[in-house]
**Q** 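My questions will all concern the structure given below.
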Amino acid sequence: MELTGANSSRASRISSRIGVLGGTFDPVHNGHIGIATAVFNVLELTSVLFVPADRPWMKELSTGPGVSSIDHRMAMVDLAIRDREGFELSTVDADRGRPSYSVDTISDLREVFGHASELFLILGADALEELPRWRDPERLVSMCTLVCVGRPGSGLPEGLPINHPGRKAQFVSGPMLPVSATEIRARESEGLPIDGFVNNSVAAYIEENGLYQ
Ligand code: ATP
């Protein structure tokens, strides 16, 4: 199909549509893969970057048990996505060496990919609700398109207050999997099976390395 007018000039300027899924990924699980797959397909993205946070700022504030090393978390993401075309591991946060804020992630990726690429920041609905508490949310939303994906227990972007920075996020319903890394860590520490929560190679990695005991 040939495009004309404003659409054709925009199409020629935008060379790729890149999804960005940041997270702690401790561990990466089927909920992450499910939302990345849904957004990749629905928005016809070129790729989805999985960006493990080196030192997630929200978890630095918590008093619970520490987060697994960035090496373990990156290794698990690599295992989970290596056979999935279009999914890539990004070390942009791991390389920075200070607490990870999404505004820095998107700003750094914007430098790497330039303005010929469109960036789509993928957030579960729970994360979107938290956006006002993040660093510089207005600047963040000015640099990318927010995509909110449904998560059991969390609402839709239209349900957010009128002045919420994430209110105009695009919404993709996604697979609505009731899975969280918190539950997987708890199950593993209790010796319960985690099949169906993470892929087999991630489950094997968790066992081999004695994570979450
Ligand atoms: P934890 O339980 O340790 O807080 P988590 O399962 O929420 O972890 P994160 O790595 O913190 O996983 O999440 C990264 C991103 O993926 C966030 O935007 C989060 O909202 C989203 N996400 C995680 N699990 C799901 C899910 N089951 N459905 C939709 N979005 C999800």
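Remember, it's 1-based here, ligands and their atoms both numbered in the order they're listed.
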**Q** Out of all atoms in ligand 1, which are within 4.0 Å of some heavy atom of Ala181? Include the element for each.
**A**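 Listed by number with element, the hits are 1 (P), 2 (O), 3 (O), 5 (P), 6 (O), 8 (O).
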**Q** Could you tell me whether a side-chain N or O of Arg73 sits under 3.5 Å from a main-chain N or O of Ala53, the two making a donor and an acceptor?
**A**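 Side chain of Arg73 to backbone of Ala53: a pair is present.
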**Q** Just verifying a value: how many Å separate Arg185 CZ and Glu188 CD, rounded to the nearest 0.5 Å?
**A** 12.0 Å
**Q** With the threshold set at under 4.0 angstrom, would you say Pro175 reaches ligand 1 through any of its heavy atoms?
**A**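 The answer is no: ligand 1 sits nowhere under 4.0 Å from a heavy atom of Pro175.
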**Q** For ligand 1, which atoms, with element, lie under 4.0 Å from some heavy atom of Asp126?
**A** 19 (C), 20 (O)
**Q** Please state whether Arg185 comes within less than 4.0 angstrom of ligand 1, counting heavy atoms only.
**A**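 Arg185: in contact with ligand 1 (<4.0 Å).
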**Q** Ignoring hydrogens and geometry beyond distance, is a side-chain donor-acceptor pair present between Asp26 and Thr24 at under 3.5 Å?
**A** no
**Q** Mind telling me whether Phe50 and Phe87 have parallel, tilted or perpendicular rings, with 30° and 60° as the class edges?
**A**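 Because their plane-to-plane angle lies in the 30° to 60° range, the rings of Phe87 and Phe50 count as tilted.
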**Q** Which of the numbered atoms in ligand 1 are under 4.0 angstrom from any heavy atom belonging to His32?
**A** 9 (P), 10 (O), 12 (O), 13 (O), 14 (C), 16 (O), 23 (C)
**Q** Is there a donor-acceptor contact under 3.5 Å linking the side chains of Tyr101 and Asp136?
**A**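 No donor-acceptor contact under 3.5 Å links the two side chains.
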**Q** Just to be sure I'm reading this right: ignoring hydrogens, which of Ile184, Thr24, Thr182 gets closest to atom 1 (P) of ligand 1? Compare them by their nearest heavy atoms.
**A** Thr182
**Q** Mind running side chain to side chain contact (heavy atoms under 4.5 Å, CB included) on Leu160 and Glu129 for me, showing each step along the way?
**A** CA-CA 7 Å; Leu160 297 172; Glu129 285 168 359; 4.0 Å; yes
**Q** Short list, please: which atoms of ligand 1 are under 4.0 Å from a heavy atom of Gly22?
**A** 14 (C), 15 (C)
**Q** Among the heavy atoms of Val179, does any lie under 4.0 Å from an atom of ligand 1?
**A**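 Within the 4.0 Å threshold, so yes.
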**Q** Considering only heavy atoms, which of Met176, Arg73, Arg151 lies nearest to atom 19 (C) of ligand 1?
**A** Arg151
**Q** May I ask you to check whether Phe25 and His32 place their ring centres under 6.0 Å from each other?
**A** yes
**Q** With a cut-off of 4.0 Å, which atoms of ligand 1 are near a heavy atom of Phe25?
**A**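 Every atom of ligand 1 under 4.0 Å from some heavy atom of Phe25: 10 (O).
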**Q** Numbering the atoms of ligand 1 from 1, which are under 4.0 Å from a heavy atom of Leu123?
**A**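 Within the 4.0 Å cut-off of Leu123, ligand 1 contributes 18 (O).
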**Q** For ligand 1, which atoms sit closer than 4.0 Å to a heavy atom of Gly23?
**A**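 Going through ligand 1 atom by atom, the ones under 4.0 Å from Gly23 are 10 (O), 14 (C).
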**Q** Is there a heavy atom of Ala125 sitting under 4.0 angstrom from any atom of ligand 1?
**A** no
**Q** Between Arg151 and Asp126, is the salt bridge (charged side-chain N to carboxylate O under 4.0 Å, His left out) condition met? List the steps.
**A** CA-CA 7 Å; Arg151 184 167 191 177; Asp126 58 312; 3.1 Å; yes
**Q** Under 3.5 Å between any N/O of Leu177 and any N/O of ligand 1: does that happen in this structure?
**A** yes
**Q** For the atom pair OG (Ser201) and CG (Leu79), what is the distance rounded to the nearest 0.5 Å?
**A** 5.0 Å
**Q** Quick one: do Val48 and Val20 end up in the same hydrophobic cluster if we chain Ile, Leu, Val, Met, Phe, Trp and Tyr together by side-chain heavy atoms under 4.5 Å apart?
**A**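 No; tracing contacts between hydrophobic side chains, which count when under 4.5 Å, never links both residues.
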**Q** Heavy-atom contacts with Ser180 under 4.0 Å: which atoms of ligand 1 show up? List them by number with element.
**A**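 Selected atoms, number and element: 2 (O), 6 (O).
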**Q** Tell me the contacting part of His29 for ligand 1: side chain, backbone, both, or neither, using a 4.0 Å heavy-atom threshold, strictly below.
**A**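 It is the side chain that gets close, since no backbone atom is under 4.0 Å.
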